[in-house]
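Counting from 1, the numbers follow the sequence of the chain as shown.
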Amino acid sequence: WLNKKIVDLAGLQQTLIGLRLEDPDLSVIVRGDSKTRYRQIRAVLDACQQANVVKVDLATEPLK
């Protein structure tokens, strides 16, 4: 998901490139739940890197 819209990895990268061109200071927060596999998170981080988005953070939630 990106901005409440479902995207695949290729679409994610292209969208990130467009957003970065509009805002060179683009910041991305990656959020996953307990069902999200690490390789999916890694793929999103790779897409950010390939789109030249350098401000990327991982959202975390405290343990309950």
Give, for atom [atom1] of [X] and atom [atom2] of [Y], the distance between the pair rounded to the nearest 0.5 Å.
X: Leu45; Y: Tyr38; atom1: CG; atom2: OH; value: 7.0 Å
X: Leu12; Y: Ile6; atom1: CG; atom2: CD1; value: 13.0 Å
X: Ile29; Y: Leu58; atom1: CD1; atom2: CG; value: 10.0 Å
X: Asn52; Y: Leu21; atom1: CG; atom2: CG; value: 9.5 Å
X: Leu9; Y: Gln40; atom1: CG; atom2: CD; value: 9.0 Å
X: Leu19; Y: Asp23; atom1: CG; atom2: CG; value: 8.5 Å

Residues forming a salt bridge (charged side-chain N to carboxylate O under 4.0 Å, His left out) with Arg42, sequence neighbours excluded: Asp46
Partners passing salt bridge (charged side-chain N to carboxylate O under 4.0 Å, His left out) against Asp25 (at least two apart in sequence or in another chain): Lys55
Heavy-atom pair with the smallest gap, counting every atom of Gln13 and Ala51: O-CB, 4.0 Å
Result of checking Thr36, Asp57, Ile41 against Val30 for side-chain contact (heavy atoms from CB on, under 4.5 Å): Ile41
same_hphob_cluster(Leu2, Val28) at 4.5 Å side-chain heavy-atom cutoff: yes
Shared hydrophobic cluster for Val53 and Ile17 (ILVMFWY, side-chain gaps under 4.5 Å): no
